[in-house]
Amino acid sequence: MIAPVTEQTLVLIKPDGVQRLLVGRILVRYEERGLKLVGLKLVQVDRELAERHYAVHRDKPFFAGLVEFIISGPLVALALEGPNAISVVRAMNGATRPWEAAPGTIRADFALEVAENIVHASDGPGTAAAELALWFRPAELVAYPRDIDRWIVAAAE
Ligand code: DAT
Ligand code: MG
(Lines give C-alpha, C1' and ligand atoms only; values in the text may rest on other atoms or scores of the structure.)
(Ligands and ions follow the chains in the order given, each with its own letter.)
Protein backbone atom coordinates (compact mmCIF):
# COMPACT_ATOMS: atom_id res chain seq x y z
CA MET A 1 0.00 0.00 0.00
CA ILE A 2 1.23 3.50 -0.76
CA ALA A 3 1.08 5.50 2.47
CA PRO A 4 -0.73 8.75 1.67
CA VAL A 5 0.64 12.04 2.90
CA THR A 6 -1.78 13.87 5.16
CA GLU A 7 -1.96 17.46 3.99
CA GLN A 8 -3.86 20.62 4.78
CA THR A 9 -4.98 23.01 2.07
CA LEU A 10 -6.76 26.35 1.80
CA VAL A 11 -10.02 26.64 -0.14
CA LEU A 12 -11.91 29.85 -0.80
CA ILE A 13 -15.53 29.78 -1.90
CA LYS A 14 -15.31 33.10 -3.71
CA PRO A 15 -17.89 35.92 -3.58
CA ASP A 16 -19.74 34.49 -6.61
CA GLY A 17 -20.30 31.24 -4.70
CA VAL A 18 -21.69 33.11 -1.69
CA GLN A 19 -23.93 35.38 -3.80
CA ARG A 20 -25.24 32.44 -5.82
CA LEU A 21 -26.15 30.50 -2.64
CA LEU A 22 -23.77 27.68 -3.48
CA VAL A 23 -21.76 27.55 -0.25
CA GLY A 24 -23.59 24.54 1.18
CA ARG A 25 -23.54 22.59 -2.06
CA ILE A 26 -19.79 23.13 -2.47
CA LEU A 27 -19.00 22.39 1.16
CA VAL A 28 -20.89 19.09 1.04
CA ARG A 29 -18.69 17.86 -1.82
CA TYR A 30 -15.52 18.20 0.23
CA GLU A 31 -17.21 16.72 3.29
CA GLU A 32 -18.62 13.76 1.38
CA ARG A 33 -15.23 13.07 -0.14
CA GLY A 34 -13.98 12.52 3.39
CA LEU A 35 -11.85 15.63 3.78
CA LYS A 36 -11.79 16.96 7.32
CA LEU A 37 -12.90 20.50 7.99
CA VAL A 38 -10.24 22.02 10.24
CA GLY A 39 -11.04 25.72 9.66
CA LEU A 40 -14.09 27.62 8.42
CA LYS A 41 -15.09 31.29 8.31
CA LEU A 42 -16.98 33.93 6.38
CA VAL A 43 -14.68 36.84 5.53
CA GLN A 44 -15.17 40.27 4.00
CA VAL A 45 -11.68 40.56 2.58
CA ASP A 46 -9.81 43.85 2.55
CA ARG A 47 -7.66 44.94 -0.35
CA GLU A 48 -4.40 44.27 1.47
CA LEU A 49 -5.23 40.62 2.17
CA ALA A 50 -6.54 40.15 -1.38
CA GLU A 51 -3.34 41.56 -2.86
CA ARG A 52 -1.17 39.40 -0.60
CA HIS A 53 -3.18 36.29 -1.44
CA TYR A 54 -2.83 36.89 -5.18
CA ALA A 55 0.68 38.45 -5.03
CA VAL A 56 2.03 35.87 -7.48
CA HIS A 57 -0.32 37.36 -10.11
CA ARG A 58 0.61 40.99 -9.42
CA ASP A 59 2.01 41.57 -12.91
CA LYS A 60 -0.81 39.86 -14.80
CA PRO A 61 -3.28 41.97 -16.76
CA PHE A 62 -6.20 40.49 -14.81
CA PHE A 63 -4.72 41.28 -11.37
CA ALA A 64 -6.72 44.46 -10.69
CA GLY A 65 -9.99 42.82 -11.71
CA LEU A 66 -9.18 39.75 -9.66
CA VAL A 67 -8.63 41.82 -6.52
CA GLU A 68 -11.81 43.85 -7.11
CA PHE A 69 -13.77 40.62 -7.52
CA ILE A 70 -12.41 38.95 -4.40
CA ILE A 71 -13.21 42.00 -2.24
CA SER A 72 -16.62 42.57 -3.85
CA GLY A 73 -18.45 40.62 -1.14
CA PRO A 74 -17.89 38.06 1.57
CA LEU A 75 -16.22 34.76 0.81
CA VAL A 76 -15.91 31.53 2.77
CA ALA A 77 -12.44 30.34 3.72
CA LEU A 78 -11.95 26.65 4.50
CA ALA A 79 -9.01 24.69 5.74
CA LEU A 80 -9.32 21.05 4.68
CA GLU A 81 -7.22 18.10 5.76
CA GLY A 82 -6.81 14.61 4.40
CA PRO A 83 -4.64 12.22 2.44
CA ASN A 84 -3.14 14.13 -0.50
CA ALA A 85 -5.62 16.93 0.24
CA ILE A 86 -3.85 19.51 -1.92
CA SER A 87 -4.07 17.62 -5.20
CA VAL A 88 -7.42 16.02 -4.32
CA VAL A 89 -9.04 19.43 -3.84
CA ARG A 90 -7.45 20.87 -6.99
CA ALA A 91 -8.87 17.93 -8.95
CA MET A 92 -12.32 18.37 -7.38
CA ASN A 93 -12.28 22.09 -8.27
CA GLY A 94 -11.33 21.48 -11.90
CA ALA A 95 -9.38 23.51 -14.43
CA THR A 96 -8.96 27.26 -13.90
CA ARG A 97 -10.94 27.95 -17.09
CA PRO A 98 -14.36 26.46 -16.33
CA TRP A 99 -15.03 25.61 -19.98
CA GLU A 100 -11.97 23.35 -19.83
CA ALA A 101 -12.90 21.79 -16.47
CA ALA A 102 -13.82 18.11 -16.48
CA PRO A 103 -17.51 17.33 -16.02
CA GLY A 104 -18.33 16.68 -12.39
CA THR A 105 -15.80 19.18 -11.08
CA ILE A 106 -17.03 22.19 -9.13
CA ARG A 107 -15.98 24.67 -11.79
CA ALA A 108 -17.54 22.64 -14.59
CA ASP A 109 -20.79 22.25 -12.68
CA PHE A 110 -21.15 25.80 -11.37
CA ALA A 111 -19.08 28.24 -13.45
CA LEU A 112 -18.61 29.53 -16.97
CA GLU A 113 -16.12 32.39 -16.71
CA VAL A 114 -12.46 32.28 -15.68
CA ALA A 115 -12.77 35.50 -13.70
CA GLU A 116 -15.65 34.10 -11.64
CA ASN A 117 -14.71 30.50 -11.21
CA ILE A 118 -16.29 29.91 -7.79
CA VAL A 119 -13.40 28.36 -5.85
CA HIS A 120 -9.73 28.77 -5.05
CA ALA A 121 -7.41 26.06 -3.75
CA SER A 122 -3.73 26.04 -2.86
CA ASP A 123 -1.58 24.55 -5.61
CA GLY A 124 1.25 22.92 -3.63
CA PRO A 125 2.68 22.30 -0.16
CA GLY A 126 4.50 25.64 -0.05
CA THR A 127 1.50 27.73 -1.11
CA ALA A 128 -0.81 25.73 1.14
CA ALA A 129 1.30 26.51 4.22
CA ALA A 130 1.64 30.18 3.26
CA GLU A 131 -2.04 30.62 2.41
CA LEU A 132 -3.28 28.86 5.55
CA ALA A 133 -1.08 31.18 7.61
CA LEU A 134 -2.42 34.17 5.69
CA TRP A 135 -6.10 33.31 6.20
CA PHE A 136 -6.19 31.57 9.58
CA ARG A 137 -4.63 32.30 12.96
CA PRO A 138 -3.13 29.13 14.51
CA ALA A 139 -5.99 28.88 17.05
CA GLU A 140 -8.55 28.93 14.21
CA LEU A 141 -7.20 25.64 12.84
CA VAL A 142 -8.70 22.91 14.98
CA ALA A 143 -7.22 19.46 15.44
CA TYR A 144 -9.77 16.83 16.43
CA PRO A 145 -10.36 13.12 15.87
CA ARG A 146 -13.26 11.79 13.81
CA ASP A 147 -14.67 8.32 14.24
CA ILE A 148 -15.17 7.98 10.49
CA ASP A 149 -11.45 8.38 9.81
CA ARG A 150 -10.96 4.62 10.18
CA TRP A 151 -13.18 4.22 7.10
CA ILE A 152 -11.47 6.97 5.12
CA VAL A 153 -7.80 6.97 6.03
CA ALA A 154 -6.15 3.61 5.60
CA ALA A 155 -4.00 2.49 8.50
CA ALA A 156 -0.30 2.70 7.71
CA GLU A 157 1.32 -0.69 7.27
P1 DAT B 1 -6.23 28.76 -10.09
O2 DAT B 1 -7.29 29.57 -9.34
O3 DAT B 1 -6.85 27.61 -10.82
O4 DAT B 1 -5.06 28.39 -9.23
P5 DAT B 1 -4.51 30.79 -11.29
O6 DAT B 1 -3.71 30.71 -10.02
O7 DAT B 1 -3.77 30.65 -12.57
O8 DAT B 1 -5.69 29.71 -11.26
O9 DAT B 1 -5.30 32.17 -11.34
C10 DAT B 1 -5.87 32.70 -10.16
C11 DAT B 1 -7.22 33.24 -10.49
O12 DAT B 1 -7.08 34.36 -11.35
C13 DAT B 1 -8.15 32.29 -11.24
O14 DAT B 1 -8.83 31.42 -10.37
C15 DAT B 1 -9.07 33.24 -11.92
C16 DAT B 1 -8.19 34.44 -12.25
N17 DAT B 1 -7.68 34.36 -13.62
C18 DAT B 1 -6.74 33.53 -14.11
N19 DAT B 1 -6.52 33.74 -15.40
C20 DAT B 1 -7.36 34.74 -15.76
C21 DAT B 1 -7.65 35.43 -16.97
N22 DAT B 1 -7.00 35.13 -18.11
N23 DAT B 1 -8.59 36.40 -16.96
C24 DAT B 1 -9.25 36.71 -15.82
N25 DAT B 1 -9.03 36.11 -14.64
C26 DAT B 1 -8.11 35.14 -14.61
MG1 MG C 1 -3.62 29.55 -8.33
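Counting starts at 1 for both ligands and their atoms, following the listed order.
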Compile the donor-acceptor pairs under 3.5 Å between side chains in residues 111-118 and protein atoms, sequence neighbours left out, one pair per line.
{"unit_1": "Asn117", "atom_1": "OD1", "unit_2": "Lys14", "atom_2": "NZ", "d": "2.7"}
{"unit_1": "Asn117", "atom_1": "ND2", "unit_2": "Thr96", "atom_2": "O", "d": "3.1"}
{"unit_1": "Asn117", "atom_1": "ND2", "unit_2": "Val114", "atom_2": "O", "d": "3.4"}

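- In summary, of the residues considered (Leu35, Asp123, Ile86, Thr127), a side chain to side chain contact (heavy atoms under 4.5 Å, CB included) with Thr9 occurs for Ile86 alone.
- Closest to atom 15 (C) of ligand 1 among all protein heavy atoms lies Val114 O, 3.2 Å.
- The single protein non-hydrogen atom nearest to atom 4 (O) of ligand 1 is Arg90 NH1, 2.8 Å, given as residue, atom name and distance.
- Looking from atom 3 (O) of ligand 1 to the surrounding protein, the closest heavy atom is Thr96 OG1, 2.5 Å.
- Rounding to the nearest 0.5 Å gives a distance of 9.0 Å between CD of Gln19 and CG of Asp16.
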_Please determine whether side-chain contact (heavy atoms from CB on, under 4.5 Å) holds for the pair Phe136 and Val142, giving the CA-CA distance in whole Å, both sets of side-chain angles, and the decisive distance to 0.1 Å._
CA-CA 11 Å; Phe136 289 96; Val142 182; over 6 Å; no

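- Residue Arg107 touches ligand 1 through its side chain alone, judged by heavy-atom distances below 4.0 Å.
- Looking at His53 against ligand 1, nothing comes within 4.0 Å, counting heavy atoms.
- For atom 7 (O) of ligand 1, the candidate residues are Lys60, Arg97, His57; the nearest heavy-atom contact is made by His57.
- The N/O atoms of Asn117, backbone and side chain alike, include one that comes under 3.5 Å of an N/O atom in ligand 1.
- Closest protein heavy atom to atom 22 (N) of ligand 1: Phe62 CD2, 3.8 Å.
- With respect to atom 16 (C) of ligand 1, the closest heavy atom belonging to the protein is Leu66 CD1, 3.8 Å.
- Of the possible polar contacts, one joining the Arg107 side chain to the Gly94 backbone as a donor-acceptor pair under 3.5 Å is found.
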Which side-chain N or O atoms in residues 60-85 pair as donor and acceptor under 3.5 Å with protein atoms at least two apart or in another chain?
{"unit_1": "Lys60", "atom_1": "NZ", "unit_2": "His57", "atom_2": "ND1", "d": "2.8"}
{"unit_1": "Glu68", "atom_1": "OE2", "unit_2": "Arg47", "atom_2": "NH1", "d": "2.8"}
{"unit_1": "Glu68", "atom_1": "OE2", "unit_2": "Arg47", "atom_2": "NH2", "d": "3.1"}
{"unit_1": "Ser72", "atom_1": "OG", "unit_2": "Phe69", "atom_2": "O", "d": "2.6"}
{"unit_1": "Glu81", "atom_1": "OE1", "unit_2": "Gln8", "atom_2": "NE2", "d": "2.7"}

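- Taking a 6.0 Å sphere around CZ of Arg58, one finds it holds more than 12 heavy atoms contributed by other residues, nucleotides or ligands.
- Contact analysis puts Lys14 in contact with ligand 1, with a non-hydrogen atom separation below 4.0 angstrom.
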